[in-house]
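Single-structure report; data block below.
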2 protein chains.
Amino acid sequence: MAAMTLVDATTPKLGRKRDLTRDPEILDATLEVLAETGYDGMTIDMVAARAKAGKATVYRRWASKGELVIDAVACMKSADIDFNKLPDTGTLRGDLVAMIKPHSIEDGAKKLKVMAGLVSLMTRQPELADAARAAIVGPRVKVNSIFLRRAIERGEIPADVDVELLSHVGGAMATHRTLMLGLPVDREFVLSIIDGVILPACGLRGAATAPPTKATTTERPSGPGYTRRG
Amino acid sequence: MAAMTLVDATTPKLGRKRDLTRDPEILDATLEVLAETGYDGMTIDMVAARAKAGKATVYRRWASKGELVIDAVACMKSADIDFNKLPDTGTLRGDLVAMIKPHSIEDGAKKLKVMAGLVSLMTRQPELADAARAAIVGPRVKVNSIFLRRAIERGEIPADVDVELLSHVGGAMATHRTLMLGLPVDREFVLSIIDGVILPACGLRGAATAPPTKATTTERPSGPGYTRRG
DNA sequence: CATTTCCGAAACTGATCAGTACCGCATATA
DNA sequence: TATATGCGGTACTGATCAGTTTCGGAAATG
């Protein structure tokens with residue numbers, strides 16, 4: 001990921017070799033500063049200081065501030081969800097809830113903070129926008145759509161639910177809460193999205209909710225934590 | 001709205017009076033530039049040029065760039081929804097759809113563009129964040145919660161739907177689509193949120209959708225465009 | 001019509017920051 | 001151990017921009 005915009009780097013025959021361990025450290029520092037101050041507030045000196053590196057070292061590896069940031073953002077992608085280890089609990093709710101881990105929440109929060117610092121620039125820098133979407137939006141949407149499609153195949157939810165749209169609901173609510181409302185996205189909030197929006201929108205009801213006033217609540221396969229409406 | 005941060009302005013006994021028509025023109029120019037370039041990209045010279053005013057004229061009215069922007073954002077609030085003329089069609093879907101007017105879509109799109117230019121700063125400037133939320137998030141959420149509560153009172157939707165949460169869904173999806181995906185929020189998209197997320201989450205189904213595979217679709221008061229599940 | 005004050009324009013000041021150049025030291029090769 | 005090179009640090013350059021000052025002209029008052 002980093003290599004793509006790295007400044008040439010022809011290996012010398014003699015003398016000291018480029019210290020490759022500096023790259024990830026500088027990229028991490030970039031993400032930290034980005035999350036704290038945003039793109040415009042971030043200076044190369046801040047990044048260098050954070051990484052305990054010299055400014056020149058940064059410019060020896062990346063041609064410009066813009067390319068450094070694009071690389072750093074692209075870097076976040078790999079540190080994301082492992083698609084080979086997705087939960088498969090047998091229920092949509094189970095799968096969604098299984099994704100709520102402290103690490104995942106924390107990681108998402110940091111990514112959204114980075115995103116906040118880039119939003120303004122993204123409208124004018126398609127390359128950056130693509131990198132940010134691929135790193136932050138893409139993976140989460142993909143996971144949700146996998147879970148939803150599974151639930152359809154399983155017959156748990158109707159086949160006509162708008163998977164594409166519903167896959168975005170979680171991320172949209174988290175984004176909105178962080179960027180617009182300035183409130184934290186914690187476990188409780190994610191649960192409320194699952195039980196208050198996504199599952200109901202699929203015709204299911206969340207775990208700990210009272211049955212609807214009039215509806216005849218037909219008990220379903222009775223797996224832990226959901227009932228089907230209709 | 002503008003007056004609160006305006007620089008003193010003691011009326012003289014003699015000579016030319018302050019041209020009050022310049023204020024709204026400068027504020028409008030500010031919003032335009034803000035939407036196009038974001039807070040950091042915006043310069044006072046740009047605003048002055050756009051308003052065909054001198055830079056000094058701007059500083060004669062606002063003490064700093066920050067205060068100008070806060071005023072401009074606060075200004076957007078008043079140009080919003082008229083709460084005395086909210087639609088009341090008798091159905092939740094009818095009310096929600098009645099809010100989709102070309103002007104409303106356009107207005108929302110512009111506000112989101114302005115918001116995009118402020119997001120990064122909002123995390124570090126609570127005053128600005130408050131102004132932005134009051135102008136952009138607040139009114140829309142309020143409208144949705146009014147519609148939802150009405151629908152509950154009417155018995156159209158269950159009383160246990162999470163009104164607070166669902167009121168944010170529309171705005172969250174629009175924000176996400178604009179800021180993160182860089183796609184336009186058009187009538188079709190708003191309709192898909194209504195029919196694909198909000199109504200289903202309330203146990204209703206949108207107008208032009210096939211009935212669910214297994215559920216017994218009980219026909220309800222049979223107003224145009226909805227059926228109740230359960 | 002004289003006076004006062006605002007206007008737009010443009011020049012100026014000081015701070016900040018991207019990007020460059022250079023230094024002396026550390027380190028890996030031969 | 002001699003040599004070539006990357007390292008962190010610092011000083012520099014040039015551009016940009018917030019905010020100030022100044023100026024000639026235009027308007028409103030009396």
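Letters go in sequence order (proteins before strands), and every chain restarts at 1.
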How long is the line joining [atom1] of [X] and [atom2] of [N], in whole Å?
X	N	atom1	atom2	value
B:E67	D:dA18	CD	P	15 Å
B:M42	D:dT16	CE	P	18 Å
A:R16	C:dA28	CZ	C1'	9 Å
B:R61	C:dC6	CZ	P	10 Å
B:L20	D:dA28	CG	P	12 Å
A:D40	D:dA18	CG	C1'	15 Å
A:D45	D:dA11	CG	C1'	12 Å
B:I26	C:dC6	CD1	C1'	12 Å

Of the nucleotides [options], which has the atom closest to the [X] side chain?
X	options	value
A:T43	D:dG8, C:dC17, C:dT20	C:dC17
A:A53	D:dG8, D:dT22, C:dA18	D:dG8
B:K55	D:dG19, C:dC17, D:dG6	D:dG19
B:R18	C:dC22, C:dC7, D:dG6	C:dC7
B:Y59	D:dT20, C:dG8, C:dT27	D:dT20
B:K17	C:dT27, C:dG8, D:dT29	D:dT29

Is there a donor-acceptor pair under 3.5 Å between the side chain of [X] and the backbone N or O of [Y]?
X	Y	result
B:T30	B:V69	no
A:K65	A:Y39	yes
B:R150	B:L92	no

Checklist entry - Hey, is the side chain of B:T57 poking within less than 4.0 Å of OP1 or OP2 on C:dC7, counting only N and O atoms? => result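 No.
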Checklist entry - Using a cut-off of less than 4.0 Å, is there contact between a side-chain N or O of A:K65 and OP1 or OP2 of C:dA18? => result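 Answer is yes, contact under 4.0 Å.
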Next on the checklist: Any base atoms under 4.0 Å from A:M46, or only sugar-phosphate, or nothing? Heavy atoms, all strands.
Outcome noted: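 Contact class for A:M46: none.
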Next on the checklist: Please classify the nucleic acid contact of A:A56 as base, sugar-phosphate, or nothing, using heavy-atom distances under 4.0 Å.
Outcome noted: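 Base: the residue A:A56, judged by heavy atoms under 4.0 Å, touches a nucleobase.
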Item to check | B:D107 and B:K110 ion-paired at < 4.0 Å | outcome: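 Not counted as a salt bridge, because no side-chain N and carboxylate O are separated by less than 4.0 Å.
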Checklist entry - Is it true that B:R93 and B:D195 make a salt bridge, defined as a side-chain N closer than 4.0 Å to a carboxylate O? => result yes
Item to check | Contact check, side chains of B:I105 and B:D186, non-hydrogen atoms, under 4.5 Å | outcome: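 Answer no - side chains too far apart.
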Next on the checklist: Can you list everything that forms a side chain to side chain donor-acceptor pair (under 3.5 Å) with B:S120? Sequence neighbours excluded, please.
Outcome noted: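 Checked B:S120 against side chain to side chain donor-acceptor pair (under 3.5 Å); matches are B:R124.
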Next on the checklist: Please compare B:D19 and A:I44 by the position of their nearest nucleotide in DNA chain C and report the one closer to 5'.
Outcome noted: B:D19
Next on the checklist: Near DNA chain C, counting only heavy atoms under 4.0 Å, which residues of residues 116-124 of chain A show up?
Outcome noted: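 Under 4.0 Å from DNA chain C: no residue of residues 116-124 of chain A.
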Checklist entry - Are A:S145 and A:R149 linked by a side-chain donor-acceptor pair shorter than 3.5 Å? => result yes
